There are 2 protein chains.
Amino acid sequence: MPNHFTPHAAGDLNYLKSLNRSTILSTVRRYPGLSRADIALRTGLTKATVGSVVNVLGERGWLREGELHARGGGRPGRSLYLDGEQHVMLGAEVGVKGLRVVACNLLGERLASQRLDVSPTMPEETAAMLARLIEALLGDPAIAARSCLGLGVALPGPVAPQAPILRLAPNLGWVDVDFLALLRAELDSPAGVWLLDNEANAAAFGEFYFIQGTPPESIAYLSAGSGIGCGVVSGEHFPVIPRGHQGLVGEIGHTVLVADGAPCHCGNHGCAETLVSGWMLRESLGVAADASLSASLLARLDEPEVSAALARAGRALGLLMLNLHHTLNPSMLILGGSLMRLGAPLVAPALAYFDAHQNDLLRQSQRVPVKVVEDSTFTAACGAAAQVMARAAIEV
Amino acid sequence: MPNHFTPHAAGDLNYLKSLNRSTILSTVRRYPGLSRADIALRTGLTKATVGSVVNVLGERGWLREGELHARGGGRPGRSLYLDGEQHVMLGAEVGVKGLRVVACNLLGERLASQRLDVSPTMPEETAAMLARLIEALLGDPAIAARSCLGLGVALPGPVAPQAPILRLAPNLGWVDVDFLALLRAELDSPAGVWLLDNEANAAAFGEFYFIQGTPPESIAYLSAGSGIGCGVVSGEHFPVIPRGHQGLVGEIGHTVLVADGAPCHCGNHGCAETLVSGWMLRESLGVAADASLSASLLARLDEPEVSAALARAGRALGLLMLNLHHTLNPSMLILGGSLMRLGAPLVAPALAYFDAHQNDLLRQSQRVPVKVVEDSTFTAACGAAAQVMARAAIEV
DNA sequence: CAGGATTAGTTAATGCTATTTACTAACTCT
DNA sequence: AGAGTTAGTAAATAGCATTAACTAATCCTG
């Protein structure tokens, strides 16, 4: 049944059309420069179907034709590309340490961005600040000249699957916030789709959506910042984020690793976040709330206490990666979040632990690739923009 | 893209037709006795579409008409039911302690069953034994008189997502077994679909497929036997088992709960199975391989060592249930597997731990329902039969 | 008990979809 | 220049769900 994440019920011909349009778009996104005939071959659709869909997408400014193919024999095909000039999607992130706003084109390229390094307090106030950032972005003539497909917002907590509402953000102290409504009160534009999602989900979506070449079956984006989140995406042509009953799929930060262990922000004990997370490192190593965690700790690396704490946290992160493989089993793992700025002192022990503790089943198959995103400042915001594009593609 | 689990690529009209047929079938399955008009209202399809699909399904022996509705005013509708008389599906399970075979009708009712309590040794030999059981079942005149939709087989290990092949069954000692091919060599009938899946996935599918009334968003079937497995199913009208890259989704038995803990069968250390599983209880409490674990332990409950071990294992099971909620987040949890025969000494501590350690997020929402299946002897086999039905419905 | 109201279900026409088939277009090679 | 080859388009076709108009079967009212 349709909800705010998946807009239409299956059953009618529109659904079929959307599906095929999304399939063709994802093929062009993954393999820029294919001709109509290549797409038909690759997707199994007929030349006629591909031709008509491509032509409509061209008229609407989604696709453009490029140079001619010069393969021996026969009429050359016209190569096709996503049109990076006509449309934009806006993406925003409300993070524990700041607000970020981006404008991306259909290629996923960041055309402009704004950031404000403040710690959000009340939802209303935060919405107002974010609205000003978005207005500033829309004031940019290069952005204003384009057609805007909509706005996606990423927040550091689970979003209800039934409605675009933030359930709980322990690290902001927010509960049941209808953030899009607060934004609407401050902001008229852009027209188009407005979406809300969890930060890790948005980041995961963006990373998956703009992958080039054959996409992995699924990816997990493990976001290690103040808290630990994880987003999963799968689906070749129609990427889907599994959310579960309460939107908690991938909330591995609150899986219990130590029965009756240290108390966690979430009200339970012994969660993964008590072993590895920004807030735990801050508390245990005494870093002030207003100081940069990574800068402070990197400056204190010669203290044995600090390096040992990072190594310990790193091993916990490696263990989490391992557990992820036995519960969500993604075909690719992406590490992101502000803790990645700590670099090798945290990441090396994580990867080492992950490598050393593979069991027979994992050893038997190819090692799952791990990608580390060192600077994920705009990753979630760009991912939210990608979600807008995917949604808009359904309705073109 | 199509594979042995999901047969057709989206894009053509057949796909749409299958989708609508499945939608209508699942509505009748969940709400027996609805009329065509009720179905149209409930699914959003038009009366004409529902009528034509229902009539075809009736001709093919999937649906039958029942009594007339007697609602005040207007022409009464003809109630519709799945036809339990025409078709059968066969399901089989190869378990660590025995083979089971069942024949079910479209209502999910077990019409006949066969069991053989032996511990499987070689795959070939096991396939031969299973083939004899199936032949015995097909020899039953009540079964032979019906049209058979196919055969589903459940095995205690992950099945590759790309091909119907068992990857690894640590508790059988099997690796990369093409079990359906071995069966084919022994068995001609039944015609129709032949499927292979993991035992927990099959059980989960069956439990979800035949749920009456509004189905939960998703369920997880936690199978606690010799090992610990878990299957997940979601999708209202078109139930899907998320499998992940290597078919390991839900393999929480091998999530690590104790860093560098006790050695596990899987080659790693500190897995959940080292804290709760049949093999671990057997080893730690000295129960012979050929004795019934549950019977032996229930007889020794007055030994403090035994009751303490069960309580400890129970708490670990509760912790696993909690972690399940933060990774796969099902809306309903079903506990099954042979360990459930231990009853309260194991299950009560599990439920108590689960209840006592809910965090703020879970506390905030309605408690997730937990169902305990005391006797799951035929659950996986019936689930495999349900998978056959779902697949056959696509192709009717 | 006749006739209106109401709901169930079917039928025929319609519009939209992808597919099929046949075509034109554009290039290379000989 | 002409044959061969591949790309792309156009018109005809088949299949799908929908629409709108119909028939069917019941209840209710007077």
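These numbers were taken from a predicted model, which means no experiment stands behind them. Labels below follow one simple rule: chain letters A, B, ... track the order of the sequence lines, proteins then strands, and each chain is numbered from 1.
- With hydrogens and angles ignored, a donor-acceptor pair under 3.5 angstrom links the side chain of B/R75 to the base of D/dA24.
- Atom CG of B/D12 is separated from atom P of D/dC16 by 10 Å (rounded to the nearest Å).
- For residues 79-88 of chain B, the salt bridge (charged side-chain N to carboxylate O under 4.0 Å, His left out) pairs, not counting sequence neighbours, are B/E85-B/R146.
- A salt bridge links A/D197 with A/R243: at least one charged nitrogen is closer than 4.0 Å to a carboxylate oxygen.
- In this structure B/R29 satisfies the salt bridge (Lys or Arg N to Asp or Glu O under 4.0 Å) test with no other residue, sequence neighbours excluded.
- Summarising the geometry, the separation between NZ on A/K17 and P on D/dA17 is reported as 17 Å, rounded to the nearest angstrom.
- Among the heavy atoms of the strands lying under 4.0 Å from A/K47 is at least one base atom, whether or not backbone atoms are also near.
- Map A/A48 and A/G74 each onto its nearest nucleotide of DNA chain D; the residue landing nearer the 5' end is A/G74.
- The side-chain contact (heavy atoms from CB on, under 4.5 Å) search around A/P32 returns A/Y81, A/Q212, not counting sequence neighbours.
- Within the nucleic acid shown, A/A37 comes within 4.0 Å of sugar-phosphate atoms alone, with no base atom in reach, counting heavy atoms only.
- Considering only residues two or more places apart in sequence or on other chains, A/A37 meets the side-chain contact (heavy atoms from CB on, under 4.5 Å) condition with A/S35.
- A side-chain donor-acceptor contact under 3.5 Å links A/H69 to the backbone of A/G33.
- Within the structure, every side-chain polar atom (N or O) of B/T49 is placed at least 4.0 Å from both OP1 and OP2 of D/dA17.
- Protein chain A touches strand DNA chain C; the 5'-most and 3'-most nucleotides with an atom under 4.0 angstrom of its non-hydrogen atoms are C/dG15 to C/dT28.
- Within the 4.0 Å cut-off from OP1 or OP2 of D/dG15, not a single side-chain nitrogen or oxygen of B/N14 is found.
- Rounded to whole Å, atom C1' of D/dG8 lies 7 Å from atom CZ of A/R78.
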Quiz: residues 72-79 of chain A side-chain donor-acceptor pairs under 3.5 angstrom, not counting sequence neighbours:
unit_1, atom_1, unit_2, atom_2, d
A/R78, NE, A/E65, OE1, 3.0
A/R78, NE, A/E65, OE2, 3.3
A/S79, OG, A/E67, N, 3.1
A/S79, OG, A/E67, O, 2.7
A/S79, OG, A/E67, OE1, 3.2
A/S79, OG, A/E67, OE2, 3.3

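- Using a 4.0 Å cut-off, no side-chain N or O of B/S52 falls inside it from OP1 or OP2 of D/dA17.
- Note: CZ (B/R36) to C1' (D/dA25) measures 14 Å, nearest angstrom.
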